[in-house]
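Treat the numbers as computed from the prediction; the structure is a model and nothing was measured. In what follows, every chain begins at residue 1, and chains take the letters A, B, ... in the order their sequences are listed.
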There are 2 protein chains.
Amino acid sequence: MNQPKQTKKTTIYDLAELAGTSASAVSAVLNGNWKKRRISSQLAEKITRLAEEQGYALNMQASLLRREKSKIIGMIVPKYDNRYFGSIVEAFETMARERGLFPIITCTRRDPELEIEAARAMLSYQVEWLVATGATDPDRITDICAASGVRSLNLDLPGSRAPSVISDNFAGARELTRRILSNCQRKVGRVEPLLFVGGRGTDHNTSERVRGFRAAHADMGMTVNDNHILTCGYAPEKAEIALQALAQAEGNLTRGMFVNSTISFEGVMRWIKRSHHYDGRPPIMGCFDWDPFAAMLGDDIEMVRQDVPGMLNAVFNIIDHGSSKIERIQIPPLFLGQS
Amino acid sequence: MNQPKQTKKTTIYDLAELAGTSASAVSAVLNGNWKKRRISSQLAEKITRLAEEQGYALNMQASLLRREKSKIIGMIVPKYDNRYFGSIVEAFETMARERGLFPIITCTRRDPELEIEAARAMLSYQVEWLVATGATDPDRITDICAASGVRSLNLDLPGSRAPSVISDNFAGARELTRRILSNCQRKVGRVEPLLFVGGRGTDHNTSERVRGFRAAHADMGMTVNDNHILTCGYAPEKAEIALQALAQAEGNLTRGMFVNSTISFEGVMRWIKRSHHYDGRPPIMGCFDWDPFAAMLGDDIEMVRQDVPGMLNAVFNIIDHGSSKIERIQIPPLFLGQS
DNA sequence: CAAGCTTGCTCAATCGATGAAGCAACAATT
DNA sequence: AATTGTTGCTTCATCGATTGAGCAAGCTTG
């Protein structure tokens, strides 16, 4: 092989010169529409061979500049520290590639400033669509995209100015709560209201889950005390602090708990271990979100699994059909256990 | 505000016309070197205001085509289903952005074909560096990059033709093994050789860890039977099957286990629960890699935490100084427990 | 044999941003 | 008055790929 270890990259002009032909012909051959452009297959073969020999790689910047569509699709995602967002990203990449789209993904660490900055960066890269996952201010992102004529879409957390695909948080939380209460009945012999831990009271998902949580209690003729709704944020430490404070204030905590995310669950479990509050009579738990190890932490910790493939099918359905109808699609979450 | 809801994007030519000036002046103002180009601050202000009003966004493709450096840095990563790779990606993004680089990351799902395809795609996007994380064939990627004059770097799994930053797998595994054996002594009252579960026997990390595993046994005057090294792959199911097979063959499994990754650990724990093999006398476990929930699964499951910040510091140290020296940098992993 | 068609290419404009070179207007210096 | 310097711009070529338009050579048809 004759691979030049050059610094300068090979362009179609270099190949044209080597092949004794024009850049135009090279371009046509390499981007596959040489039949349309009536290039002979001999020349096509020669050019293809040369391109391979020279290790030619298309300059996407130049190509995209000329073309009308970029085929780039962007996603912003808050964190990579849990299975839920991890599987969203994996599925997104796979499904984008299946459609010949190039996915670019950025993690914004729940930082509103970074979300905006990342969205702007993606617009500069000429994304055709931007999927804002779990964004703190989805409408702001929609506006920024709209100003550049780029369509956007909310995932996980809904916005009001672009289509949104989210879990059915109300129904999911209601069923999860029902299951935890039923486990309480089965294991402790009686039911009493549960504690709700984690999430931001201001975000849509959390408030819907609180609503479902209350509804499930109401279904069984119970009401939940407001100070048993600990929407203290997602971070593990915040859950720990909130539990500690409540335990101090009330002496005894409830037997059952609804935890609003695996990341909060981490803090809850840490506090339980550290405080020895539940030693000898483990709490009856449920978590909105799934993690394989968390699921193994107790005999039957109920875990709702959000339907990531279902959600991404809905996302790409919108993208495939170009619909920008501002609707909110709610995907029922999955309960893998028996009960 | 006068935001045009146009489809066509605003360019510097549009702004130039609106401002009654030239595209060149607009460009100079918007990319910040208008002082160097002696543009008056009045004009600069006017252009800045117009750009904001019109929702102007730079066309990166055009800009990059013209400039010599792309400031894009690529990373390929196998999976998003564990904390280790998740934190690598988060740290990589953060550190890249701190340096004014634009990170693009692609998940290749441990698929060798996809790794190559992804590398090629990144070259087309003119990345300046490509970090191949946990690649199955790092040298192939190095070669592809070299053919385009792009520097590359291996992370997590080493290659022979580019600088590599990896954990000190040998020392880490030796210390982890020592700790598991010491836990055995403390809890069971005697030590016996451990079982090694997970990973691919062919990959560098696994073979180094096996070496460390054997060394720790040798340190205590023990040898490990070859059929107690179950390098059955990383997937949870594979670990389950391997354990099942060994249990069937030998009747009784060892008291202690060294598990080679959290993802294999998942399979191990699943099998332990399902088979009831260890009911009543839980195994003494250690895992090369850390997961917060997995760590809570037993009284003292030893978990080695790979030093992700340390590794990425090493990566960016190479990038910052442009060194392409082919060296293998080994970062000691962290032991957070007391022992 | 002229007119028209097909084949197999080349030419040149274009996408949007960049920056070297140049130029007009005015000020300062000799 | 002539020279030199400074300020504040504009002009234009360029990056690499794409594509409509065009053109020469050969072939077909009436």
**Message:** Could you tell me if Asp139(A) and Ser160(A) have a donor-acceptor pair between their side chains, going purely by distance under 3.5 Å?
**Reply:** yes
**Lys/Arg-Asp/Glu bridge criterion (N-O < 4.0 Å) met for Glu45(A), Arg49(A)** = no
**Prompt:** Side chains of Asp14(B) and Tyr56(B): do they bring a donor and an acceptor to under 3.5 Å?
**Reply:** no
**Asked** dC9(D) phosphate, OP1 or OP2: any side-chain N/O from Thr21(B) under 4.0 angstrom?
**Response** no
**Asked** Under 4.0 Å between a Lys/Arg side-chain N and an Asp/Glu carboxylate O for Arg200(A) and Asp203(A)?
**Response** yes
**Request:** Answer yes if the side chains of Gln306(A) and Ser167(A) hold a donor-acceptor pair under 3.5 Å, and no otherwise.
**Result:** yes
**Asked** Is any side-chain nitrogen or oxygen of Ser22(A) closer than 4.0 Å to OP1 or OP2 of dC11(C)?
**Response** no
**Prompt:** Is Leu43(A) touching bases, backbone alone, or none of the nucleic acid, heavy atoms closer than 4.0 Å?
**Reply:** sugar-phosphate
**Request:** Rounded to the nearest angstrom, tell me the gap between atom NZ in Lys35(A) and atom P in dT7(C).
**Result:** 14 Å
**Asked** Do any of residues 121-129 of chain A sit with a heavy atom less than 4.0 Å from DNA chain C, and if so which?
**Response** none
**Message:** Rounding to an integer number of Å, can you tell me how far Leu64(B) CG sits from dG16(C) P?
**Reply:** 15 Å
**Message:** Whether Glu90(A) and Arg109(B) form a salt bridge (side-chain N of Lys/Arg under 4.0 Å from carboxylate O of Asp/Glu) is what I want to check.
**Reply:** no
**Asked** When the distance from CZ of Arg38(B) to P of dA25(C) is rounded to whole Å, what number comes out?
**Response** 16 Å
**Message:** Using the ring centroid of each side chain, check whether Phe102(A) and Tyr125(B) are separated by less than 6.0 Å.
**Reply:** yes
Between the protein and nucleotides 15-19 of chain D, list the N/O to N/O atom pairs that are separated by less than 3.5 angstrom.
from    : atom 1 : to       : atom 2 : distance (Å)
dG16(D) : N2     : Ala62(A) : O      : 3.1
dA17(D) : OP1    : Tyr56(A) : OH     : 2.4
dA17(D) : OP1    : Asn59(A) : N      : 3.4
dA17(D) : OP2    : Ile12(A) : N      : 2.6
dA17(D) : N7     : Tyr13(A) : OH     : 2.9
dA17(D) : N6     : Tyr13(A) : OH     : 3.4
dT18(D) : OP1    : Ser63(A) : OG     : 3.1
dT18(D) : OP2    : Ser27(A) : OG     : 2.8
dT18(D) : OP2    : Asn31(A) : ND2    : 3.3
dT18(D) : O2     : Arg66(A) : NH1    : 2.3
dT19(D) : O4     : Ser24(A) : OG     : 3.2

**Message:** Roughly what angle, to 10°, lies between the helix axis at the start of the helix from dC1(C)-dG30(D) to dT30(C)-dA1(D) and the one at its end, five pairs per end?
**Reply:** 60°
**Asked** Rounded to whole angstroms, how far apart are CH2 on Trp34(B) and C1' on dT10(D)?
**Response** 18 Å
**Request:** For the pair Leu130(A) and Leu153(A), evaluate side chain to side chain contact (heavy atoms under 4.5 Å, CB included) and give the outcome as yes or no after the intermediate values.
**Result:** CA-CA 6 Å; Leu130(A) 182 55; Leu153(A) 203 148; over 6 Å; no
**Message:** Salt bridge check, Arg83(A) against Asp81(B): does any charged N sit closer than 4.0 Å to a carboxylate O?
**Reply:** no
**Prompt:** Just by distance, with hydrogens left out, do Ser124(B) and Arg120(B) show a side-chain donor and acceptor under 3.5 Å apart?
**Reply:** no
**Request:** Assess the side chains of Ser152(A) and Arg161(A): does a donor N or O sit below 3.5 Å from an acceptor N or O?
**Result:** no
**Length of the line joining Leu15(B):CG and dG16(C):P, which is rounded to integer Å** = 12 Å
